[in-house]
*Asks:* 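Please see the structure below; I have some questions.
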Amino acid sequence: MRWGQPISKRIDKLQAEVQAVLRRSCGPLSAYDVLGELPEANPKIAPATIYRALPALAECGRVHRLESLNAYIACQCASHQHASILSICDDCGTVEESVAPDLPKKL
């Protein structure tokens with residue numbers, strides 16, 4: 001990434017690995033789940049490091065935090081110009097992301 005880009009657009013190597021773990025996942029993952037799925041090339045990563053990486057990725061729109069599950073999922077939309085709606089299935093835990101351009105106005 002170029003230095004001229006806003007900080008929110010830049011992600012470091014660990015954040016890219018965390019995002020890749022979430023993209024490969026079939027469902028939401030907690031920070032400890034993400035830590036357990038990271039490649040063994042990073043054996044000494046502390047949980048606090050993951051807890052910093054996840055909010056940074058959420059801030060730049062690359063992942064979403066599911067507060068009700070205390071977990072994260074990779075963003076499924078190409079662009080975040082509109083509000084997202086995250087639907088969680090009560091039976092299987094599958095999360096689906098939908099875009100709702102008019103949601104902020106309706107609220």
Side-chain angles (χ1 to χ4, degrees):
M1 297 275 171
R2 294 185 178 156
W3 287 105
Q5 289 182 335
I7 291 174
S8 64
K9 294 291 183 185
R10 286 188 255 155
I11 63 170
D12 64 24
K13 183 180 176 187
L14 176 64
Q15 290 172 346
E17 290 177 13
V18 168
Q19 184 179 9
V21 166
L22 289 170
R23 286 197 184 282
R24 288 192 303 268
S25 172
C26 296
L29 297 176
S30 70
Y32 279 97
D33 293 336
V34 170
L35 182 60
E37 293 293 321
L38 284 174
E40 295 198 18
N42 296 321
K44 297 191 182 215
I45 295 176
T49 305
I50 303 302
Y51 277 105
R52 285 190 296 272
L54 287 166
L57 287 167
E59 183 179 324
C60 63
R62 296 176 187 264
V63 303
H64 296 290
R65 181 167 190 259
L66 304 168
E67 292 188 30
S68 62
L69 301 177
N70 196 24
Y72 292 82
I73 61 163
C75 179
Q76 300 165 3
C77 294
S79 169
H80 270 279
Q81 297 175 359
H82 305 292
S84 291
I85 298 171
L86 300 171
S87 304
I88 306 168
C89 178
D90 287 335
D91 294 330
C92 67
T94 302
V95 179
E96 183 177 296
E97 182 176 1
S98 305
V99 176
D102 296 336
L103 181 64
K105 287 186 242 174
K106 290 180 179 180
L107 290 176

*Asks:* Atom CD in Gln76, atom CD in Glu96: separation rounded to 0.5 Å?
*Replies:*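 Atom-to-atom, Gln76:CD and Glu96:CD are 7.5 Å apart.
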*Asks:* About how many Å separate CG of Leu86 and OG of Ser98, when rounded to the nearest 0.5 Å?
*Replies:*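 Answer for the OG-CG pair, Ser98 versus Leu86, is 8.0 Å.
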*Asks:* Which atom pair, heavy atoms only, marks the closest approach of Val63 to Leu54?
*Replies:*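 The answer is CG2-O, 3.7 Å.
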*Asks:* To check you understand the geometry: which heavy-atom pair defines the closest contact between Gln15 and Ala56, and what is its length?
*Replies:*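 It is NE2-CB, 3.1 Å.
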*Asks:* Which distance, rounded to the nearest 0.5 Å, do you find between the OH of Tyr72 and the CD of Gln19?
*Replies:*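 With rounding to 0.5 Å, OH (Tyr72) is 14.0 Å from CD (Gln19).
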*Asks:* Give, for atom CG of Leu22 and atom NE2 of His64, the distance between the pair rounded to the nearest 0.5 Å.
*Replies:*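 Spacing of CG (Leu22) from NE2 (His64) equals 11.0 Å.
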*Asks:* Which pairs of donor and acceptor atoms, one on a side chain in residues 25-38, lie under 3.5 Å apart (sequence neighbours left out)?
*Replies:*
unit_1	atom_1	unit_2	atom_2	d
Ser25	OG	Gly27	N	3.0
Ser25	OG	Gly27	O	2.4
Ser30	OG	Tyr32	N	3.4
Ser30	OG	Asp33	N	3.1
Ser30	OG	Asp33	OD2	3.2
Asp33	OD2	Ser30	N	3.1

*Asks:* Looking only at heavy atoms, which two atoms of Arg23 and Ala74 are closest? And how far apart?
*Replies:*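 Closest pair (atom of Arg23, atom of Ala74, distance): CG-CB, 3.6 Å.
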*Asks:* Have a look at Ile88 and tell me which of Ile73, Thr94, Val95 forms a side-chain contact (heavy atoms from CB on, under 4.5 Å) with it.
*Replies:*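 The residue from Ile73, Thr94, Val95 that satisfies side-chain contact (heavy atoms from CB on, under 4.5 Å) with Ile88 turns out to be Val95.
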